[in-house]
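Before any comments, here is the structure.
We use all heavy atoms of the structure for the numbers below, so side chains are in, but hydrogens, waters and symmetry mates are not. Protein chains get the first letters and strands the later ones, always in sequence-line order, with residue 1 at the start of each.
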Protein chains: 2
Amino acid sequence: MARRATAQDVADLAGVSRSSVSLVLNGRGAGNLSEAKQKAIRAAAEQLDYTPNAVALSLRSRRTRTLGVLTWPGACGLPQELLHRALIRAGEHHYLLLVVDTGGDAEVERRQLETLQDRQVDGFLVVAPAMTHYRPSEALTATPTVLLNCVDPDGAVSSVAPDEVQAGRRAAEVLLRHGHRRIGLLVGDPATLQTAQRVSGVRQAVAAAGEIPPELCLAGRDIDDGARAAGDLLRGPGRPTALVCTHERLAVGAALGAAELGLRVPDGLSLVSLEDGEQLTSKLTTVHRPDAAMAEQAVGLLVEQLAGGAPEVRQLLFGCPLQVRASVATPGQRPGDAADPR
Amino acid sequence: MARRATAQDVADLAGVSRSSVSLVLNGRGAGNLSEAKQKAIRAAAEQLDYTPNAVALSLRSRRTRTLGVLTWPGACGLPQELLHRALIRAGEHHYLLLVVDTGGDAEVERRQLETLQDRQVDGFLVVAPAMTHYRPSEALTATPTVLLNCVDPDGAVSSVAPDEVQAGRRAAEVLLRHGHRRIGLLVGDPATLQTAQRVSGVRQAVAAAGEIPPELCLAGRDIDDGARAAGDLLRGPGRPTALVCTHERLAVGAALGAAELGLRVPDGLSLVSLEDGEQLTSKLTTVHRPDAAMAEQAVGLLVEQLAGGAPEVRQLLFGCPLQVRASVATPGQRPGDAADPR
DNA sequence: CTGAAAGCGCTTACAG
DNA sequence: CTGAAAGCGCTTACAG
């Protein structure tokens, strides 16, 4: 790479001092420099294709317009949609992201955090792969930080997270509205807060309808797990007419398991997924976690904080809308979209 | 955040000059400073929890230990596995990544590239979501750059990419070895080089076996597309006994479509996927694109170049190994792993 | 209206 | 053996 032009180069070419170049290029030329010199400077900058060195700018301004992102993989890798949208939104605010994988390990996180602090990042985003509690370390609370898809139980740091309990409730409700009474529940990793909340929501809704809340059936992480679990449930006594799955893969597996028993979705079995955003099929009725909106909100909150805005802690819970597609029907009948606008 | 300690703070505490601090902390103390002063400096640094400001370091050294990453989403979003592994490997070399989404748009890419150059990134990684040709702009070729999952047809820049033709060949070969003669071919986006190469490989292998290469059946991107396409093929004349799918989702859909016709995998239908790394099911026999190894190699190449190593262009093609699982059997028989070691 | 100086935090020759 | 100086590329008071 040919050496980049510096402000000095521009100054030399325009026959002025470095300071003048800076003034003009930062819009403070008017009233400080003659029209002619301003013009000369702009022309020189143009000619040399000059743009300021961001590193030098950072050293001087003590701001890097860089956000440190702490994340780690879940069952299906990094939270890619959240990261992707955060990256886009940050770019719109002229921030760049420095993403590190902590592996979910506190010691690794400590080291990574130090690296990012050495890099003088302006703030931090913590992006969890699945809804969870997250206790920020002191190093983190000392810097503007926003949690995404996780919450600080002590409420010390702002967060943007999905309302997973409500999501579970909505999944059960659409089935109840269609007349289902025997609802099965397939879950992935039962140890996570995400699963616990989703399950709790489902049970709340079922109980509220006066029915006996379903046992949860531990399925696993991939399609085969879903197929196996659904097969077991559908072959067992008190066969459910509908299934809520905490993950999209399980739902797809359930459809496969049902098909192997000669049951079609939704005629023979209704299915609702608390999807994780993979969108494996366009048929599945899901409760949608609004990753795009959440990521944008989180970045917005952080940028606002960095701009010296409101420093109060805000813990935002995003509602998860029901996405009606084609996997829910009245038991023993054909597909039907819930006309119920809720 | 409390003000970070600077080298000056350490010097003051230790009662020496800034230069001495720098010398000692960079391992050049021996022979330059008395033991006592060295000790004092180390103690002071420890006490103040001093680590050098990376921005200042960058300004002086003209190296940022930062890599710019140009990427864009494909049918299933950003190439997350490649990005994830690149990020990890870069970290091991003490590099951090600045990732931007160009949206596959040349004008956006130009702007993003400029931003990254202003940030003084040491080198670039171009990470494509699917194998493709990529012609680097001049700005890119002027800086150390490595392409990942794409190749420069002009061979001006180093690249690490999968051998998709071989992948296609291997998928067909495992089926041929099992005795399949009527092989169907489900493809995603037919306009991509990735698909073209995979299809070409399949056809080569089938032709080499003296059979008539299969027509390709345009399926689409998700599971439903696969189910529909497979259903059509399986209901049509000259029903195939096996299917090659260019994407994992299509293969899962095919299994679903087959199940709906009462056909089980692999007894009634054999399936091989040219997977895209989602690992939706542990049953599917696939040809595996070695994303982890490719990403690590690409980062390695770039880091080597940055360390002043061999500047020759290298265009690496990675073989894609067959991953034998449980979706291939002899036509009309039960599952059987190919004992054939190849 | 304009340029010289100071300073962001570092390291590396260079005098003493 | 040790410290003062220069310089990476910028911007912002501050003299003139």
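Look at B:Glu114 and B:Arg119 and you find no salt bridge, because none of the NZ, NE, NH1 or NH2 atoms lies under 4.0 Å from a carboxylate O.
Note: A:Thr71 OG1 to A:Leu82 CG = 8.0 Å, rounded to the nearest 0.5 Å. Note that OG1 of B:Thr145 and CG of B:Leu125 are 9.0 Å apart. Values are rounded to the nearest 0.5 Å. Of the inter-residue distances, the one linking A:Leu70 atom CG with A:Leu147 atom CG reads 10.0 Å to the nearest 0.5 angstrom. To the nearest 0.5 angstrom, B:Leu113 atom CG is 4.5 Å from B:Phe124 atom CZ.
The side chain of A:Thr6 lies closest to D:dC10 when the candidates are D:dC10, D:dT12, C:dG9. Comparing C:dT11, C:dG3, D:dT2 by their closest approach to the side chain of B:Asn26 singles out C:dT11. Taking every side-chain heavy atom of B:Ala7 into account, C:dC10 is the closest of C:dT2, C:dG7, C:dC10.
As judged by a 4.0 angstrom heavy-atom cut-off over every strand, A:Leu33 is placed among residues touching the sugar-phosphate backbone only. Residue contacts shown for A:Arg28 are limited to sugar-phosphate atoms, with no base heavy atom under 4.0 Å away. Residue contacts for A:Arg62: at a heavy-atom cut-off of 4.0 Å it reaches the sugar-phosphate backbone alone, with no base atom in range. Among the protein residues, A:Ser19 comes within range of the nucleic acid bases, having at least one heavy atom under 4.0 Å from a base atom. Backbone-only engagement by B:Leu57 is indicated by non-hydrogen atom pairs under 4.0 Å involving sugar-phosphate atoms exclusively.
In this structure the side chain of A:Val127 never reaches within 4.5 angstrom of the side chain of A:Trp72, judged on heavy atoms.
When each of A:Ser61 and A:Ser20 is assigned the nucleotide of DNA chain C bearing its nearest heavy atom, the one mapping closer to the 5' terminus is A:Ser20. For the pair B:Leu59 and B:Val16, nearest-nucleotide mapping onto DNA chain D gives the more 5' position to B:Val16.
Of the residues in residues 38-52 of chain B, those placing a heavy atom less than 4.0 Å from an atom of DNA chain C are B:Tyr50, B:Pro52, in numerical order.
When only modelled atom types and interatomic distance are considered, A:Asp152 and A:His133 share no side-chain donor-acceptor pair under 3.5 Å.
In this structure, the CD atom of A:Gln8 is 13 Å from the P atom of D:dT11, given to the nearest Å. A:Leu25 places its CG atom 12 Å from the C1' atom of D:dC10, with the value rounded to the nearest Å. The interatomic distance linking A:Arg4 (CZ) with D:dC8 (C1') rounds to 14 Å, in whole Å. In this structure, CD of A:Gln120 is placed 9 Å from C1' of C:dG9, rounded to the nearest angstrom. We find that NZ of B:Lys37 is positioned 8 Å from C1' of D:dC1, with the value rounded to whole Å. Between the CZ atom of B:Arg60 and the P atom of C:dC8 there is a distance of 17 Å, given to the nearest Å. Atom P of nucleotide D:dG9 and atom CZ of B:Arg119 are separated by 18 Å, given to the nearest angstrom. The CZ-P distance, from A:Arg18 to C:dA4, rounds to 10 Å in whole Å.
D:dA4: no Watson-Crick or G-U partner with both key distances under 3.5 Å is found in any strand. The base-pairing partner of C:dA13, taking Watson-Crick or G-U wobble contacts with both distances under 3.5 Å, does not exist among the strands shown.
Spacing between D:dG9 and C:dT2 at atom P, rounded to whole Å, works out to 26 Å. Remark: the separation of the P atoms in D:dG7 and C:dA4 is 16 Å, to the nearest Å.
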Derivation and outcome, side-chain hydrogen bond (donor to acceptor under 3.5 Å, both in side chains), residues A:Ser20 and A:Ser17: CA-CA 5 Å; A:Ser20 305; A:Ser17 74; 3.2 Å; yes
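Listed pair B:Ser58 / C:dC10 fails the phosphate criterion, with no side-chain N or O lying under 4.0 Å from OP1 or OP2.
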